[in-house]
Amino acid sequence: MAIQKGHRFPIDFDQAFGKGLVLIGEIAPDFEYQENKNKEPRQKVDPVTGKRQWVGTVTDPDELKAKRASFQITFIADVQPVPTTAELVPGMGMRQIELDGLTVEPRVSGSGEYKYQGWLFRATGFKSAGTNAVKAPAAKPAEAKTADPSKAA
């Protein structure tokens, strides 16, 4: 069995990004390159799903090499995905995110003799706020006042 070029492997968000991701800025349409700058820009369409492509720049706090820490995520959706989390610093456009429908495609990155294994990440949207957050331990249920009458005040 051969794996074809361009195959997209589904991957769990926590497996790909152990410390999460930080979205920098906003999600924008992914436009096709056009030589004539006066022509109306056309948004790219994913050849596999037929849905529109959107892009967002993210930073991986777990990446040790600075040049690989920030990269673009391609979103595949009919409408523009909207982050579900609040900004970390209001007005700065940075927010911690978790992606839904994440896939990864291996690719060769770099140029000349400085090539390395890279990854092309795609997602279908954002998970709800707080799904990847560290949860506080559950509070102990309040003891029933009638359970022990000797402790009643």
Side-chain angles (χ1 to χ4, degrees), residues 1-140:
M1 173 174 112
I3 298 175
Q4 299 297 315
K5 179 181 177 182
H7 181 77
R8 300 173 184 179
F9 295 91
I11 189 167
D12 185 53
F13 180 82
D14 293 330
Q15 185 180 9
F17 305 107
K19 291 184 180 176
L21 283 178
V22 176
L23 176 66
I24 302 170
E26 301 297 324
I27 304 299
D30 188 11
F31 291 118
E32 294 178 355
Y33 172 77
Q34 294 192 8
E35 288 185 32
N36 184 353
K37 302 296 180 190
N38 296 327
K39 285 180 100 176
E40 186 73 26
R42 286 192 317 191
Q43 190 171 356
K44 290 182 182 178
V45 174
D46 181 49
V48 175
T49 64
K51 295 183 178 190
R52 293 179 177 182
Q53 289 188 187
W54 309 84
V55 292
T57 302
V58 297
T59 296
D60 181 3
D62 203 24
E63 179 58 57
L64 300 176
K65 296 191 179 221
K67 73 176 189 174
R68 296 184 199 179
S70 292
F71 54 94
Q72 284 194 327
I73 294 277
T74 302
F75 292 89
I76 309 297
D78 291 325
V79 295
Q80 182 176 354
V82 177
T84 58
T85 54
E87 288 183 315
L88 297 173
V89 178
M92 296 299 289
M94 297 176 66
R95 53 185 87 224
Q96 192 166 3
I97 59 168
E98 186 173 354
L99 301 173
D100 197 24
L102 186 63
T103 62
V104 62
E105 178 183 334
R107 68 175 182 179
V108 176
S109 295
S111 61
E113 62 185 78
Y114 303 103
K115 293 183 181 173
Y116 59 93
Q117 175 68 57
W119 307 100
L120 178 59
F121 289 97
R122 293 182 182 89
T124 57
F126 297 98
K127 288 189 179 177
S128 298
T131 56
N132 195 28
V134 176
K135 297 179 182 172
K140 293 181 182 177

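Start at 1 with the first residue, then count along the sequence.
Between the side chain of Gln80 and the backbone N or O of Ile27, at least one donor-acceptor pair lies under 3.5 Å. Distance alone, capped at 3.5 Å, places no donor-acceptor pair between the Thr59 side chain and the Ile24 backbone. Put simply, the side chain of Trp54 never gets that close to the backbone of Pro81: no donor and acceptor are under 3.5 Å apart. Between the side chain of Thr103 and the backbone N or O of Arg8 there is no donor-acceptor pair closer than 3.5 Å.
For the pair Phe31 and Pro41, the tightest heavy-atom approach, listed with the atom from each and the gap, is CD2-CB, 3.7 Å. Ala123 and Leu99 make their closest contact through CB-CB, 4.0 Å (heavy atoms, listed as atom of the first residue, atom of the second, distance). What you find for Arg52 and Asp78 is that their closest heavy atoms are CD-O, 3.7 Å. Here the closest heavy-atom approach between residue Gly118 and residue Ser109 is recorded as CA-OG, 3.5 Å.
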Worksheet item: Can Leu23 and Thr57 be said to form a side-chain contact (heavy atoms from CB on, under 4.5 Å), step by step?
Response: CA-CA 6 Å; Leu23 176 66; Thr57 302; 5.9 Å; no
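In this structure Glu63 satisfies the salt bridge (charged side-chain N to carboxylate O under 4.0 Å, His left out) test with no other residue, sequence neighbours excluded.
Of the inter-residue distances, the one linking Glu87 atom CD with Met92 atom CE reads 9.0 Å to the nearest 0.5 angstrom. Atom-to-atom distance recorded for Arg107:CZ and Trp119:CH2 is 11.0 Å, nearest 0.5 angstrom. Once rounded to the nearest 0.5 Å, the distance linking CD of Glu40 with CD of Gln34 reads 8.5 Å. Here CD of Gln53 is found 5.5 Å from OG1 of Thr74. Values are rounded to the nearest 0.5 Å. A distance of 7.0 Å separates CD1 of Ile97 from CD1 of Ile73, quoted to the nearest 0.5 Å. The distance from atom NZ of Lys44 to atom CD of Glu32, rounded to the nearest 0.5 Å, is 7.5 Å.
With contacts defined as side-chain heavy-atom distances shorter than 4.5 Å, the pair Glu105/His7 does not qualify. In this structure, the side chains of Gln117 and Pro106 come closer than 4.5 Å at one or more pairs of heavy atoms. Phe121 has its side chain out of reach of Phe75: every pair of non-hydrogen atoms, C-beta onward, lies at least 4.5 Å apart. A heavy-atom distance below 4.5 Å is not found between the side chains of Phe13 and Asp100. A 4.5 Å side-chain heavy-atom check between Leu102 and Phe17 finds at least one atom pair inside the cut-off.
Atom CZ of Arg42 has 12 or fewer neighbouring heavy atoms from other residues, nucleotides or ligands inside a 6.0 Å radius. For Tyr114, the OH atom is loosely surrounded, since the number of other residues' heavy atoms within 6.0 Å does not exceed 12.
Using a 4.0 Å cut-off between a side-chain N of Lys or Arg and a carboxylate O of Asp or Glu, Lys65 and Asp60 do not qualify as a salt bridge.
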